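Data block below; observations after.
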Amino acid sequence: MSTGHGLSMGELLARGERSFSFEFFPPKDAAGEEQLWQAITELEPYGPTFVSVTYGAGGSTRDRTVAITARIARETSMLPVAHLTCVGHTTQELSAILDDLASAGVHHVMALRGDPPGGPGSPWTPTDGGLTYASELVALVHRRPDMRIGVAAFPEGHVDAVDLEQDARVLRAKYDAGAEFAVTDMVLRASDYVGLVERAERVGADLPIIPGIMPILNLRSMERMVEFSGRQLPDEVVARLAPHAEDPAGLREEGIAIATELCEALLDAGAPGLHFYTLNRSRATREIFANLRITV
Ligand code: FAD
């Protein structure tokens, strides 16, 4: 339950210490597994506050998410956070997964609703006997004294939110249900993150909100990913990357520079840390750490 510092994540952040964390996803095959563990091994020396492992669409990675977080707990010095979603699961199944995680020594959960099986923005229908909103999953996890809980937050509001104020009230509901910290969808502009934090404060969602960072290493795929969440890359970002459209190495370098500047702006704005979407590779994160002069 505690971090490597002997404190829970909420206590650590409340002390004003910054949190640096890395996110991975369960790979599909043996080659992907090797790449994942290489990235984990290369990033372990950075002493992250936690590392998280996502939960695949439709509950498809149930066993793998449990197995990877269990191995991180068993074989590394890092604190694993297992993502869990409501998609395709009854409440009983969700409780059974929480039992499996606890027996494997995993005591931190990112409690999420998950995207509808038709993809982000398509209609959401809860599973019979399951849960409708992430706040209900937070409440389910919170009944267990052995679990600590993180939740999702959205710098520009969730794609289906009625408006930004309702989006903030959803975060408040997750906080009230027992969430201890939030991690955001990838931040595209520092000002969006600042706006989210201000809205959260206004509605009394009094939990640390850690901004999510994903450097742009491929313009096309990033544009597609951002569209999924109903957003667009900022014009100024596209203007800096467009000249490198035919030059992958140049684009990568500029993408890392943009991400570094974003991280600096976020930390200057008072962000309690940074959460890196690694896509199971360590290089980009290591480069940004070097630029930020965050030492191992
Ligand atoms: P909720 O908080 O339940 O919100 C979902 C929608 O319902 C929002 O539009 C909200 O406004 C609305 N809502 C919530 N409560 C109410 C209410 N009481 N009344 C009316 N409307 C309400 N997806 C995965 O499948 N696997 C993952 O591992 C995963 N990891 C993620 C990690 C992070 C850091 C983030 C930011 C997202 C992640 N996602 C993941 C995606 C996430 O599951 C989707 O964005 C999902 O659509 C919303 O999840 P949520 O937990 O925010 O849901």
Side-chain angles (χ1 to χ4, degrees), residues 3-4 9 18-57 61 64-65 67-73 75-84 106 108-110 112 150 152-153 155 181-188 193 210-219 221-222 224-226 228-229 248 251-264 266-267 271-292 294-296:
T3 62
M9 212 111 57
R18 280 178 168 163
S19 167
F20 295 98
S21 50
F22 307 129
E23 183 169 311
F24 304 100
F25 65 86
K28 288 196 173 69
D29 54 27
E33 188 83 9
E34 201 172 308
Q35 184 183 309
L36 166 71
W37 284 97
Q38 186 180 338
I40 289 178
T41 307
E42 287 167 353
L43 289 170
E44 184 171 9
Y46 289 81
T49 313
F50 66 92
V51 292
S52 67
V53 179
T54 62
Y55 200 76
T61 64
R64 282 178 287 151
T65 300
I68 295 165
T69 47
R71 184 168 163 195
I72 291 171
E75 295 181 14
T76 79
S77 59
M78 297 182 290
L79 179 89
V81 176
H83 293 211
L84 181 58
V106 179
H108 284 79
V109 170
M110 278 291 288
L112 305 145
F181 64 101
V183 176
T184 79
D185 200 356
M186 57 186 136
V187 177
L188 304 178
Y193 169 78
I210 305 167
I213 304 295
M214 187 184 286
I216 306 173
L217 307 177
N218 179 313
L219 187 51
S221 65
M222 189 64 158
R224 269 199 303 272
M225 218 180 293
V226 166
F228 266 131
S229 53
L251 188 128
R252 185 176 202 292
E253 202 177 312
E254 192 62 26
I256 295 289
I258 292 169
T260 303
E261 290 164 31
L262 180 61
C263 291
E264 284 168 342
L266 288 164
L267 293 173
L274 299 167
H275 180 78
F276 291 88
Y277 292 103
T278 69
L279 300 181
N280 293 359
R281 294 180 190 276
S282 72
R283 186 176 151 204
T285 307
R286 288 188 283 115
E287 287 171 352
I288 296 169
F289 264 59
N291 290 346
L292 292 172
I294 297 171
T295 45
V296 181

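These numbers come from the heavy atoms of this one structure, side chains and all, not from hydrogens, waters or symmetry mates. Keep in mind that what you see is a predicted model, and the values were worked out from it rather than measured.
For the salt bridge (Lys or Arg N to Asp or Glu O under 4.0 Å) test, residues two or more places apart in sequence or in another chain that qualify with Arg252 are Glu287. Not counting sequence neighbours, the partners of Met225 by the side chain to side chain contact (heavy atoms under 4.5 Å, CB included) test are Met186, Met214. Checked against side chain to side chain contact (heavy atoms under 4.5 Å, CB included), Leu112 has the following partners two or more places apart in sequence or in another chain: His83, Thr85, Met110, Ala152. With sequence neighbours excluded, the residues forming a side chain to side chain contact (heavy atoms under 4.5 Å, CB included) with Ala271 are Tyr193, Pro211, Leu266, listed by chain and number. Taking Arg281 as the reference, nothing meets the salt bridge (Lys or Arg N to Asp or Glu O under 4.0 Å) condition, with sequence neighbours excluded.
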Would Ile68 and Phe24 count as a side chain to side chain contact (heavy atoms under 4.5 Å, CB included) if you check the C-alpha gap in whole Å, the side-chain angles of each, and the deciding distance to 0.1 Å? CA-CA 10 Å; Ile68 295 165; Phe24 304 100; over 6 Å; no
Side chain to side chain contact (heavy atoms under 4.5 Å, CB included) between Val51 and Leu43: does it pass, once the steps are laid out? CA-CA 10 Å; Val51 292; Leu43 289 170; over 6 Å; no
Assess the residue pair Leu79 and Thr49 against the criterion (side chain to side chain contact (heavy atoms under 4.5 Å, CB included)); give the C-alpha distance rounded to whole Å, side-chain angles, the decisive distance to 0.1 Å, and a yes or no. CA-CA 7 Å; Leu79 179 89; Thr49 313; 5.9 Å; no
Check step by step if side chain to side chain contact (heavy atoms under 4.5 Å, CB included) holds for Asn280 and Ile40. CA-CA 8 Å; Asn280 293 359; Ile40 289 178; over 6 Å; no
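Taking a 6.0 Å sphere around CD of Glu253, one finds it holds 12 or fewer heavy atoms contributed by other residues, nucleotides or ligands.
Nearest heavy-atom pair, Leu292 versus Thr260, reported as atom, atom and distance to 0.1 Å: CD2-O, 3.9 Å. Of all non-hydrogen atoms in Pro215 and Ala259, the two that sit nearest each other are CB-CB, 3.8 Å. Annotation for Val109 and Val81: closest pair C-CG1, 4.0 Å, computed over non-hydrogen atoms.
Here the CD1 atom belonging to Ile72 is positioned 7.0 Å from the CG atom belonging to Leu36, to the nearest 0.5 angstrom. Rounding to the nearest 0.5 angstrom, the gap separating the CZ atom in Arg71 from the CH2 atom in Trp37 is 4.5 Å. Put simply, CG on Leu274 and CZ on Phe22 are 10.0 Å apart, with the number rounded to the nearest 0.5 Å. The OG atom of Ser21 sits 15.0 Å away from atom OH of Tyr46, with the distance rounded to the nearest 0.5 Å. With values rounded to the nearest 0.5 angstrom, Leu188 atom CG is found 8.0 Å from Leu262 atom CG.
Taking the six-membered ring where the residue is Trp, Phe50 and Phe181 present tilted rings, their angle falling between 30° and 60°. Relative orientation of the Phe289 and Phe20 rings is perpendicular, given thresholds of 30° and 60° on the angle between their planes.
Listed by first then second residue, pairs satisfying salt bridge (charged side-chain N to carboxylate O under 4.0 Å, His left out) with a partner in residues 30-52 read Glu42-Arg286, not counting sequence neighbours.
With hydrogens and angles disregarded, a donor-acceptor distance shorter than 3.5 Å links the side chain of Thr65 to the backbone of Thr54. Formation of a donor-acceptor pair under 3.5 Å by the Thr184 side chain with backbone atoms of Ala153 is not found in this model. Looking only at distances, a side-chain donor or acceptor of Thr278 sits under 3.5 Å from a matching main-chain atom of Glu23.
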